[in-house]
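Below, each value reflects all heavy atoms present in this structure, side chains not excepted, and no hydrogens, waters or symmetry copies. Indexing begins at 1, ligand by ligand and atom by atom, following the structure's order.
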Amino acid sequence: MNRRLPGTLRSCRRLLVAPTLTRSLSTTHKLFERQECQVLVVGGGTGGCAMAAKLSSRLGSNKVIVLEPEEKHYYQPMFTLIGGGMKRLDQSHRQMGDVLPKKAKWIQESALNFDPDKNEVSTSGGKTIAYDFLVIATGMQLKYEKIPGLVQALEAPKTNVCSIYSPKYVDNVYDCLRKTYRGNVIFTFPHCPIKCAGAPQKIAYIAEHYFRKMGRRDQLNIIYNTSLPVIFGVKQYADALWKVAKKRNINVNVNRNLVEVRPEDSIAVFEDLAEPGKLYEEVYSMLHVCPPMTAPDVIANCKQLATESGFVDVDAATLQHKKYSNVFAIGDSACTPNSKTAAAAAAQSPVVFKNLMAVIEGKKLTEAYDGYASCPLVTGYSTCILAEFDYSLAPLETFPFDQAKERYTMFIMKKTFMPILYWQLMMRGYWNGPATMRKVLSILKLKK
Ligand code: UQ1
């Protein structure tokens, strides 16, 4: 592996290579632009911003480049609340330039190609960025187009097909709720790993509560069709959620995968995964779809960096790449088998930061990620079950009470406190997940 020496503190400077060539191709001279940095963070989402903040604050100005094409940074955990009309879309985003740390340099382009043997990434704007150390934080990509008829259904007016997962579609979810008076209201969960695996059912609970409040519940049949064989991966919370669904008369069908949408007839086609090939057609009056998702193509296409499934091949504990010691991953693009949530990225951030600093300083890696993730399972307009667990799918709870119970306090934490914590602490590199809080509260021995 062609690695630069750790500790080489080079500033991010612009170098134009082949000046004679660029002069003759003046209109396309950007194609040859070369940039260098000590740490390149690819992706300006939750993990990327948190890492850029921590690293640039430790390493100083102009040592970190963030490669991110988007103008806006979305706080995606708010999307379920937007779907339920509890928040507006404009409350969920800030300008990327205001969220990224001032000490880092932002290149507003996307990664086109990774070359970890040369320590280089090429960009959509024709640049080549050379790095000493690389943090991959590209997230996952939404693949609505994998389900025939779905994009057409989401984009045509009056189809009552919606999805909280994309900022492009989330605003329409509440409109769909408002327009639905009778018939089948169907919620789906796809047949692949996804981010925020609680969200497809959270929106079902919120919708059920909405219809009840509006006095329409008796005319509606609410169905949650999940491709998973279970309602939730952690038994303690699954037991609680089955009770919620039963109490609220939500029909939960497991092993049921959405394979096609026919908006002209308001029909959703599902496959029974327990009996492959067996299809069901269901007529809907409203359909909420969680799209299939994949690792980003740019990672999957780089065989040196990716696993078979296309995610970054890092060690589950250290989050360091298995082959390239100067490469780390954080968040949804990592191959680690944790639940993919903002809270997981928060808990990963001190691990990646400290282990990367150890590599830079030529020291041994000391930090290990335990797989912590949390999922505030909002069950309506005032209640929430706060699921927290680790790689072993054992609960790893912060608070000294039974978190499997629906609670108003946890709802307020999710709705009001978490956005503040995210923007004010996590985006500035000061939130490492609740591990310290958990330790303090466990010392108090308030727990049963
Ligand atoms: C968390 O750390 C986090 O990341 C910032 C979230 O995403 C917004 C969460 O929803 C939760 C619950 C946590 C965990 C924090 C506590 C205080 C339990």
**Study point:** Pairs where residues 80-92 contributes a residue and the test salt bridge (Lys or Arg N to Asp or Glu O under 4.0 Å) is met, not counting sequence neighbours
**Key:** R88-D90
Review point. Is there any salt bridge (Lys or Arg N to Asp or Glu O under 4.0 Å) pair reaching into residues 189-210, and which pairs are they, with sequence neighbours excluded?
Key: E208-R212, E208-R217, E208-R248
Exercise for review: Decide whether T188 and Y224 meet the rule of one side-chain donor and one side-chain acceptor closer than 3.5 Å.
Suggested key: no
Point to revise | Near ligand 1, at a heavy-atom separation below 4.0 Å: residues by chain and residue number | key: Y75, P77, A342, A343, Y372, S374, P376, L386, E388, T398, F399, M413, M418, L421, M426, W431, P434, M437
Point to revise | Flag if over 12 foreign heavy atoms under 6.0 Å of NZ, K439 | key: no
Throw together a table of side-chain donor-acceptor distances under 3.5 angstrom for residues 344-352, partners on residues two or more places apart or in other chains.
| residue | atom | partner | partner atom | Å |
| --- | --- | --- | --- | --- |
| Q348 | OE1 | G331 | N | 2.7 |
| S349 | OG | A346 | O | 2.7 |

Review point. Between Y181 and F211, is the ring centre distance below 6.0 Å?
Key: no
